[in-house]
**Student:** 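The structure under discussion is supplied below as structure tokens; questions concerning it will follow.
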Amino acid sequence: MSLTFREFWAASHGLLLGSVFLLAFAGGLAGLYSLRPELVTPAGIKERLGRLKLGTITMAVVAWLTVITGTFIVYPWYRAAPPEGADLTAYPRSFLKANPNLSGWHAFGMEWKEHVAWFAPILATAVVYLVLKYGPDLATNERLRKMAIVIFIIAFSAAAIAGLFGALITKAAPVL
Amino acid sequence: MTTHKLSEKKALPTGPAAAALIASGIGTFVIGLMTTGAVLSEGLKNFLNWWNPAGPLTGKVGIGIIFWLVSWILMHTIWKDKEYDLGKAFTITLVLIGLGLLFTFPPVFEAFE
């Protein structure tokens with residue numbers, strides 16, 4: 001039971017960071033949803049704000065780490081051009097494109113995933129800014145809090161699209 | 001009582017929130033624009049190839065991030081002490097994100113190939 005260098009990075013990019021991202025999103029969303037004066041006391045809001053900051057900052061940091069490792073470490077292995085006569089299983093993009101039954105994983109899945117994934121850290125960072133800048137004001141400014149929730153959910157959805165296609169593409173053509 | 005106490009403090013201006021929201025929309029929109037633009041123009045595609053192992057993706061997201069950060073700094077500087085209609089800012093943001101999604105959606109940019 002062992003992982004190659006490339007498998008280690010692919011697993012770190014998708015599985016490890018993806019799991020932390022999911023946990024941070026759940027924490028951040030619960031924190032944003034419950035930051036309401038009718039649900040908690042001022043002391044409770046202060047306490048929840050700490051967890052909210054932790055959840056949103058963690059999600060943004062992990063989103064940045066995921067797209068950076070994905071784009072600059074794993075993706076070059078995926079898109080590497082094979083030399084003449086090479087075994088295409090070591091070159092995922094070429095392997096997928098060469099097989100009509102699998103080419104859609106590249107043409108649709110990878111093409112969408114590689115771009116839409118970058119929406120997640122940008123949008124999550126905007127939410128972190130709102131949480132850090134407005135803090136307890138989010139409890140009384142319901143409108144702004146709801147806007148932050150929507151942007152946070154869109155950030156998560158973008159990452160979820162990328163994560164889902166990443167897992168499916170890896171199943172069809174793993175980075176070995 | 002709790003609500004009253006929390007409401008007593010003077011609320012921060014909404015300008016910085018509007019700047020952060022709209023700038024994030026601009027960043028995602030520009031990534032979408034570069035994605036479809038690279039399909040339309042071979043020259044743009046080559047220009048966006050900032051680092052060959054990852055190809056034009058590096059330039060697409062690099063330019064998106066530059067636009068995001070520069071627009072955020074500019075709008076924040078202008079609106080930091082001002083009120084801005086949050087509903088309007090949010091609508092602009094959602095439209096920009098929607099366009100960004102549209103332009104990164106393969107069936108859309110492949111239609112230009």
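Every chain is numbered from 1 and lettered A, B, ... according to where its sequence line falls, protein lines coming before strand lines.
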**Student:** Any chain of hydrophobic side-chain contacts (each under 4.5 Å) joining Ile68(A) to Leu69(B)?
**Tutor:** yes
**Student:** Report whether Val116(A) and Leu164(A) are members of the same hydrophobic cluster (ILVMFWY, side-chain heavy atoms less than 4.5 Å apart, transitive linking).
**Tutor:** yes
**Student:** For the atom pair CD1 (Ile31(B)) and CD (Glu114(A)), what is the distance rounded to the nearest 0.5 Å?
**Tutor:** 11.5 Å
**Student:** What's the verdict on side chain to side chain contact (heavy atoms under 4.5 Å, CB included) for Trp51(B) and Thr71(A), showing C-alpha distance, side-chain angles and the deciding distance?
**Tutor:** CA-CA 11 Å; Trp51(B) 186 56; Thr71(A) 300; over 6 Å; no
**Student:** Could you tell me which residues in residues 76-94 of chain B have at least one non-hydrogen atom under 4.5 Å from a non-hydrogen atom of chain A, sorted by residue number?
**Tutor:** His76(B), Asp85(B), Leu86(B), Gly87(B), Phe90(B), Thr93(B), Leu94(B)
**Student:** Should we say atom CZ of Phe72(A) is surrounded by more than 12 heavy atoms from elsewhere, each under 6.0 Å from it?
**Tutor:** yes
**Student:** To the closest 0.5 Å, what do you measure between OG (Ser24(B)) and OH (Tyr129(A))?
**Tutor:** 12.5 Å
**Student:** Where does Leu130(A) contact chain B at under 4.5 Å (heavy atoms): side chain, backbone, both or neither?
**Tutor:** side chain
**Student:** Going hydrophobic residue to hydrophobic residue with side-chain gaps under 4.5 angstrom, can you get from Met147(A) over to Tyr33(A)?
**Tutor:** no
**Student:** Is Ile73(B) reachable from Val30(B) through a run of hydrophobic residues whose side-chain heavy atoms are each under 4.5 Å from the next?
**Tutor:** no
**Student:** Rounded to the nearest 0.5 Å, how far apart are OG1 of Thr14(B) and CG of Leu144(A)?
**Tutor:** 8.5 Å
**Student:** Rounded at 0.5 Å granularity, tell me how far CH2 in Trp68(B) sits from CG in Leu123(A).
**Tutor:** 9.0 Å
**Student:** Which bit of Ile65(B) is near chain A, if near means a heavy-atom gap under 4.5 Å: side chain, backbone, both or neither?
**Tutor:** side chain
**Student:** Tell me, for Ile161(A) versus chain B, whether the close heavy atoms (under 4.5 Å) come from the side chain, the backbone, both or neither.
**Tutor:** neither
**Student:** How close do Phe119(A) and Leu101(B) get, counting heavy atoms only, and between which atoms?
**Tutor:** CE2-N, 3.6 Å
**Student:** What's the spacing between Glu111(A) CD and Leu57(B) CG if we round to 0.5 Å?
**Tutor:** 9.5 Å
**Student:** Of all heavy-atom pairs between Glu110(B) and Ala107(A), which one has the smallest distance, and what is that distance?
**Tutor:** OE2-O, 3.0 Å
**Student:** Which answer fits Ala81(A), side chain, backbone, both or neither, if we ask what part of it has an atom under 4.5 Å from a heavy atom of chain B?
**Tutor:** neither
**Student:** Give the minimum heavy-atom separation between Trp112(A) and Thr104(B), together with the two atoms involved.
**Tutor:** CD1-O, 3.1 Å
**Student:** Under a 4.5 Å cutoff for heavy-atom pairs, which residue among Val150(A), Val67(A), Asn141(A) has the most contacts with chain B?
**Tutor:** Val150(A)
**Student:** Can you see which heavy atom on Pro53(B) is nearest to which on Arg79(A), and at what distance?
**Tutor:** O-CD, 3.1 Å
**Student:** Short question: side chain of Tyr134(A), backbone of Ala17(B) - any donor-acceptor pair under 3.5 Å?
**Tutor:** yes
**Student:** Report whether Leu23(A) and Val127(A) are members of the same hydrophobic cluster (ILVMFWY, side-chain heavy atoms less than 4.5 Å apart, transitive linking).
**Tutor:** no
**Student:** Is there a side-chain contact between Ile97(B) and Ile151(A) in this structure, where contact means two heavy atoms from C-beta onward sitting under 4.5 Å apart?
**Tutor:** yes
**Student:** Looking at CZ of Phe29(B) and CD1 of Ile122(A), how far apart are the two atoms once the value is rounded to the nearest 0.5 Å?
**Tutor:** 13.5 Å
